[in-house]
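The structure appears below as structure tokens.
Source: prediction; values computed, not measured. A note on names: the letters A, B, ... follow the listed sequences, proteins ahead of strands, and every chain is numbered from 1.
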There are 2 protein chains.
Amino acid sequence: MTDINKIPHDESGPEAGADAPLLVSEAERTAQLLQLTELLFFAYRDFISDPDEILSEFGFGRAHHRVVHFVSRNPGIKVADLLDILAITKQSLGRVLKQLIEGDFIRQQEGPRDRRQRLLYLTAKGRALAVRLSAPQLDRLAKALEEVGPGGAEQIRAALYHVVSPHNRHQVSRIVLANQRIGDQP
Amino acid sequence: MTDINKIPHDESGPEAGADAPLLVSEAERTAQLLQLTELLFFAYRDFISDPDEILSEFGFGRAHHRVVHFVSRNPGIKVADLLDILAITKQSLGRVLKQLIEGDFIRQQEGPRDRRQRLLYLTAKGRALAVRLSAPQLDRLAKALEEVGPGGAEQIRAALYHVVSPHNRHQVSRIVLANQRIGDQP
DNA sequence: TTATTTATGTCAGTCATGTTGACATATTTT
DNA sequence: AAAATATGTCAACATGACTGACATAAATAA
């Protein structure tokens, strides 16, 4: 290993900066990939830490966050579609959904064409929670993106997209492109 | 919203490509950040899916993966340092560590200077498991990075690093820069 | 119209992985 | 000799997943 071990400047991060040499050996490439693996782990962990704190105020957990988030982004979503996005069982969803409905964060509305469906919407209270949950994450991401140049966001988006398994990409594209902003009225 | 809703080409991902306009409005910026939030969720979920399958062969879970990974990367690590990295309690670690030791994936060695310490090492069997677990992740990351140009890896590294909470960055730097390659002899 | 399928909900039990709190043992440090 | 440290362990509990079975209402097909 060459200079991989040098202690990075605290504001630039490991091996960052314009003077970083492009990779030479296979070993360095592997080392870089391992570092990215670990950074993904640590970044993800901290990324969800702010919502976790807010949620605990309400006696909620991460499962509630996910439901609130995707209902916020997809107002009127069917239960079946939400299950598809979350990739959990209806029993798992049922528990948190019940709590969110009883706490007046989410309301259900009979499907206009198919009355079996229970279309999901955030209440005003639910929207307020969604805003509170998303704020620190948007802030964190915005600050992180300031550290990479303009256009970096697109590269990161492309990379993350291609970390998704090929057979899931189409679905992820559809979901991600729902452009309801958090807190907007449905 | 302007052209955010266009269905992306399946191989380029949402809103990627050289022709993507730089952001104009605050709303578009927020939409982009929300998309990144969701991509991080979906990418992370798929990223750990391959190891999950391998682990289930052994009756293991993600907790075992983390322990194997960080012991692999830090041969001879102290229990206390491992606890620090994982940010879990010793009781949680104890359970999975016990299973890994009983299954002959990890061995403990008395600290040479401080005989209270139990330094952790992978066995040959443990190294084989570590290699199997890391292979699909390294492969997945390598392919994803091919989709962004050269230098993209550095931008992603910088971004992920700055998603880590400021007070954790120093520790993460130290940990990530341990350059033991998975499968190498300690 | 009757039968089947679909969308949703619910009960009951299990598992993995985290938590707190209390306590034990060996070893090092003061 | 006393205190602090490194590790381990027991017990109880919480969260959020799971499987399997069954129930109801509404839409669709035969």
Side-chain angles (χ1 to χ4, degrees), chain A residues 41 44-45 48-49 51-71 76-103 106-121, chain B residues 41 44-45 48-49 51-71 76-103 106-121:
Chain A
F41 169 70
Y44 192 83
R45 187 166 76 182
I48 60 178
S49 64
D52 276 357
E53 271 190 46
I54 296 166
L55 290 158
S56 70
E57 278 180 40
F58 300 86
F60 290 161
R62 290 167 197 178
H64 302 81
H65 185 189
R66 289 178 203 135
V67 171
V68 166
H69 174 92
F70 285 109
V71 172
I77 190 175
K78 285 193 300 172
V79 170
D81 289 345
L82 184 55
L83 285 174
D84 224 47
I85 290 174
L86 298 174
I88 59 175
T89 58
K90 61 178 173 177
Q91 294 92 329
S92 289
L93 174 59
R95 234 174 339 183
V96 301
L97 195 50
K98 194 175 194 174
Q99 292 175 279
L100 288 167
I101 290 167
E102 284 172 356
I106 285 182
R107 66 181 170 85
Q108 292 175 305
Q109 191 172 302
E110 214 171 53
R113 271 180 282 281
D114 188 334
R115 289 167 49 223
R116 291 171 304 182
Q117 297 174 350
R118 297 294 129 89
L119 307 186
L120 303 173
Y121 296 89
Chain B
F41 170 69
Y44 191 82
R45 189 167 73 183
I48 61 180
S49 64
D52 275 358
E53 271 190 47
I54 296 166
L55 291 157
S56 69
E57 278 179 41
F58 301 86
F60 290 161
R62 289 166 198 178
H64 302 81
H65 185 188
R66 289 180 203 132
V67 171
V68 167
H69 174 92
F70 286 108
V71 172
I77 190 175
K78 285 194 300 174
V79 170
D81 289 344
L82 185 53
L83 284 174
D84 224 47
I85 290 175
L86 297 175
I88 59 176
T89 59
K90 61 178 172 178
Q91 294 91 328
S92 287
L93 174 59
R95 237 178 331 194
V96 301
L97 195 51
K98 194 176 194 175
Q99 293 175 277
L100 287 167
I101 290 167
E102 284 171 357
I106 285 183
R107 66 183 171 83
Q108 292 175 305
Q109 190 172 301
E110 213 171 54
R113 269 179 284 280
D114 188 334
R115 286 167 50 223
R116 290 171 304 180
Q117 296 174 348
R118 297 295 127 89
L119 308 186
L120 303 174
Y121 295 90

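- Taking the six-membered ring for Trp and thresholds of 30 and 60 degrees, F70(A) and F41(B) have ring planes inclined between 30 and 60 degrees apart.
- In this structure, CG of L83(B) is placed 15 Å from C1' of dT17(C), rounded to the nearest angstrom.
- Listed by residue number, the members of residues 51-59 of chain B with any heavy atom below 4.0 angstrom from DNA chain D form an empty set.
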Polar atom pairs (N or O), protein with nucleotides 1-7 of chain C, under 3.5 Å:
unit_1 : atom_1 : unit_2  : atom_2 : d
dT6(C) : O2     : R116(A) : NH1    : 2.5

(request) Any chance you could lay out the side-chain contact (heavy atoms from CB on, under 4.5 Å) test for V71(B) and L100(B), step after step, and finish with the verdict? (result) CA-CA 11 Å; V71(B) 172; L100(B) 287 167; over 6 Å; no

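- One atom, CD1 of I48(B), and another, P of dA16(C), lie 16 Å apart when rounded to the nearest Å.
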(request) Assess whether side-chain contact (heavy atoms from CB on, under 4.5 Å) is satisfied between L120(A) and V67(A), documenting all intermediate values. (result) CA-CA 10 Å; L120(A) 303 173; V67(A) 171; 5.8 Å; no

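- For the contact set between residues 85-94 of chain A and DNA chain D, defined by any heavy atom under 4.0 Å, the members are A87(A), I88(A), T89(A), Q91(A), S92(A).
- Shortest non-hydrogen contact noted between R115(B) and E110(B) is O-CG, 3.4 Å.
- dG18(C) atom C1' lies 13 Å from atom CZ of R45(A), rounded to whole Å.
- Atom NZ of K98(B) sits about 12.5 Å away from atom CG of L93(B), to the nearest 0.5 Å.
- Rounded to whole Å, atom C1' of dT7(D) lies 18 Å from atom CZ of R107(B).
- With rounding to the nearest 0.5 angstrom, the CD atom of Q117(B) is 8.5 Å from the CG atom of D81(B).
- dT17(C) atom C1' lies 16 Å from atom NE2 of H65(B), rounded to whole Å.
- Comparing A63(A) and E110(A) by the nucleotide of DNA chain D that holds the closest heavy atom to each, the one mapping nearer the 5' end is A63(A).
- L55(B) and G61(B) make their closest contact through CD1-O, 3.4 Å (heavy atoms, listed as atom of the first residue, atom of the second, distance).
- When the shell of 6.0 Å around CD of E57(A) is examined, it contains more than 12 heavy atoms from other residues, nucleotides or ligands.
- The separation between R62(A) atom CZ and dT19(C) atom C1' is 12 Å, rounded to whole Å.
- Side-chain N or O atoms of R45(A) include one that pairs as donor or acceptor with a backbone N or O of L86(B) at under 3.5 Å.
- A donor-acceptor contact under 3.5 Å is not formed by the side chain of R66(A) with the base of dG16(D).
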(message) Show, in sequence, the C-alpha distance, side-chain angles and deciding distance for Q108(B) and L119(B), and conclude whether the side-chain contact (heavy atoms from CB on, under 4.5 Å) test is met.
(response) CA-CA 5 Å; Q108(B) 292 175 305; L119(B) 308 186; over 6 Å; no

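- A straight line from CZ of R115(A) to P of dA27(D) spans 5 Å, rounded to a whole angstrom.
- If you check every strand for non-hydrogen atoms under 4.0 Å, R95(B) touches a base.
- In this structure, R113(B) atom CZ and dA6(D) atom P are separated by 15 Å, rounded to whole Å.
- By the 30° and 60° cut-offs, the orientation of the rings of H65(B) relative to H69(B) is perpendicular.
- Within 4.0 Å (heavy atoms only), H64(B) reaches sugar-phosphate atoms of the nucleic acid but no base atom.
- In this structure, the side chain of R62(A) does not engage the main chain of P51(A) through any donor-acceptor pair within 3.5 Å.
- A close approach under 4.0 Å does occur between a side-chain nitrogen or oxygen of Q108(B) and OP1 or OP2 of dG8(D).
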